[in-house]
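This report refers to the structure that appears directly beneath it.
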Amino acid sequence: MTEPRRLRGHKATATCCIASRDKPGLVATSGEDGCICWFDMRCKDVKFVMDVSNEPISSLCFNSGNENIIYVSTGNEVKCFDVHTLADNSWKPLESYNYNKEEINQVTCNSRSSFLASADDGGEIKIIDIRQKRIFKTLRAGHTSICSSVQFIPWRPWEIVTGGLDSKFIIWDFSKGCPSKIVDFGLPDMHSGSNAGQCLNPAFVHSVKVPDVDMLDKIGKICVVARGDGVIDVINTESELTATKPKSSTKSRKGTQSKGSDGGVPDENGRKWLHLDYSLGGHTAAVSCMTFSLFGEKGKFLVSGGNDKLVKVWDCSRCLGSWQTGDTNELLHLNINLTKKVNFLCTTPAESDNLVVCDTTKLVKVYTVS
């Protein structure tokens, strides 16, 4: 791997990055300086800088139907901006949502551009109705600690997934405001299959990621979970939800061979999971972030970054085959060594300069993955 390209614009640590699907090469990054920097990969310098907050920016996302609209979380507030209508040095938001009581860790927009979800330090998730410009639902009594990550499930329009520092992964029905499935990675039986060389940090959930609709043909209806012990779990969400339908205890379901929509053989708990751990060349410290590839065949690769100063590119298209055959060889496609821990990363649809990494410095690094 050649030396990365460096993007300069932030005055403090870069915290988040997002890449346009509609305009290949357009990337927005946020930082602890309260600024959003816009870059065009065809140009050397930053395109323009939005100074939007006195507080650090924790998360960014585009409006799924209109990438001129972006949502920014800072403190306990979500701000909405229309980039095309902004005047020079006048960064007035279109809307501002102050529903979260605690600091927001992630904001995300659903594929229909109708709802926002914001996950906070209090363990609550606020569902915001974008069109009505009001709170739709508050999801609580699921996480007992910080809710670190939230994602909508595009093929299930009323469901989201969340992860938290209570080691819980939760699938919610946000129309009803209640969990459909709770997986606690802190339980002893959740570690029974872990590798002896795996790091011993608690299995806090730092990030959850769900593929976009145009990736499903290649990798199936999955969710990936990044854990504090360095493991990435690839979960078949459909088999998980199917397994919850019978009103029976986990104990009574043990050993059942219930198959989900993608086929494959479940583990001893009836689950169809794939553990990308140390034994497969995985991370040796907490996995902080993940994304699916937009370059080449969309969704073919899963890219993960960790506190071990490594970025790993996994061949996600082989995961379905691994479920069906048990063959986990050649899942790891590429290792990228960094000098700092990874805060966040994203991919672009371009053939080059297609992996953007925010580490613990103010310089954003850009790599080419083929």
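Bear in mind the structure is a predicted one, so any value in this text is a computation, not a measurement.
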Checklist line | Those residues that, when tested against Y97, pass ring-ring contact (aromatic ring centres under 6.0 Å, His included) (two or more places apart) | finding: none
Next item on the list: Please tell me if the side chains of K11 and K362 come closer than 4.5 Å, counting only heavy atoms from C-beta onward.
Entry: no
Check: Transitively linked via ILVMFWY side-chain contacts under 4.5 Å: V107 with I57?
Finding: no
Next item on the list: Decide yes or no on side chain to side chain contact (heavy atoms under 4.5 Å, CB included) for L26 and F39, but give the supporting numbers first.
Entry: CA-CA 6 Å; L26 184 66; F39 298 95; over 6 Å; no
Item checked: Side chain to side chain, I232 and W314, heavy atoms closer than 4.5 Å -> yes
Margin query: Please report the interatomic distance CG(N76) to CD1(I104), rounded to the nearest 0.5 Å.
Written below: 6.5 Å
Next item on the list: Sequence neighbours left out, what passes side-chain hydrogen bond (donor to acceptor under 3.5 Å, both in side chains) with K133? Give chain and number order.
Entry: E95
Check: For C316 and L302, which heavy atoms make the closest approach, and how far apart are they?
Finding: CB-N, 4.0 Å
Next item on the list: Give a yes-or-no answer on whether the side chains of D120 and N100 include a donor-acceptor pair shorter than 3.5 Å.
Entry: yes
Notebook entry, point to check: Do N354 side-chain atoms and E351 backbone N/O form a donor-acceptor pair below 3.5 Å?
Noted result: yes
Check: Is K365 salt-bridged to D359, going by a charged N under 4.0 Å from an acidic O?
Finding: yes
Next item on the list: Quick one: list whatever passes ring-ring contact (aromatic ring centres under 6.0 Å, His included) with H333, sequence neighbours left out.
Entry: F301
Notebook entry, point to check: Mind checking whether I222 and P211 have side chains closer than 4.5 Å, heavy atoms only?
Noted result: yes
Checklist line | Heavy-atom side-chain proximity of I36 to T29 below 4.5 angstrom | finding: no
Notebook entry, point to check: Could you give the distance from NZ (K181) to OG1 (T242), rounded to the nearest 0.5 Å?
Noted result: 10.0 Å
Next item on the list: Identify whether V225 and W155 are in the same connected component of the hydrophobic contact network (ILVMFWY, side-chain heavy atoms under 4.5 Å).
Entry: yes
Checklist line | Check against side chain to side chain contact (heavy atoms under 4.5 Å, CB included), F115 and W158 | finding: CA-CA 10 Å; F115 291 107; W158 294 101; 3.9 Å; yes
Next item on the list: Treat each ILVMFWY residue as a node, draw an edge where side-chain heavy atoms are under 4.5 Å apart, and state whether V83 and I69 are in one component.
Entry: no
Notebook entry, point to check: Where do T360 and T13 come nearest, in terms of heavy atoms and distance?
Noted result: O-OG1, 3.3 Å
Checklist line | Under the side-chain hydrogen bond (donor to acceptor under 3.5 Å, both in side chains) test, residues paired with R21 that sit two or more places apart | finding: D212, D214
Next item on the list: Taking all heavy atoms of E77 and all of N98, pick out the closest pair and write down the distance.
Entry: CG-OD1, 3.4 Å
Checklist line | Verify same cluster id: M50, L60 (apolar side-chain graph, 4.5 Å) | finding: yes
Check: Rounded to the nearest 0.5 Å, how far apart are CD1 of I135 and NZ of K126?
Finding: 5.5 Å
Next item on the list: Would you sort out whether F152 and F174 count as a ring-ring contact (aromatic ring centres under 6.0 Å, His included), showing the intermediate values?
Entry: CA-CA 10 Å; F152 287 95; F174 69 83; 5.7 Å; yes
Check: If you take all heavy atoms of E297 and S293, which pair is closest and at what distance?
Finding: O-OG, 4.0 Å
Check: With sequence neighbours left out, what residues match E102 under side-chain hydrogen bond (donor to acceptor under 3.5 Å, both in side chains)?
Finding: none
Checklist line | Nearest-0.5 Å distance that lies between atom SG in C358 and atom CG in L7 | finding: 9.0 Å
Next item on the list: Return the set of residues passing side-chain hydrogen bond (donor to acceptor under 3.5 Å, both in side chains) with T348 (not counting sequence neighbours), or none when no residue passes.
Entry: none
Notebook entry, point to check: For the residue pair S279 and D277, what are the closest heavy atoms and their distance?
Noted result: OG-OD1, 2.6 Å
Item checked: Within one Ile-Leu-Val-Met-Phe-Trp-Tyr cluster: V46 and F344, side-chain cutoff 4.5 Å -> no
Check: Looking at K79 and V52, what are the two nearest heavy atoms and their distance?
Finding: NZ-O, 2.8 Å
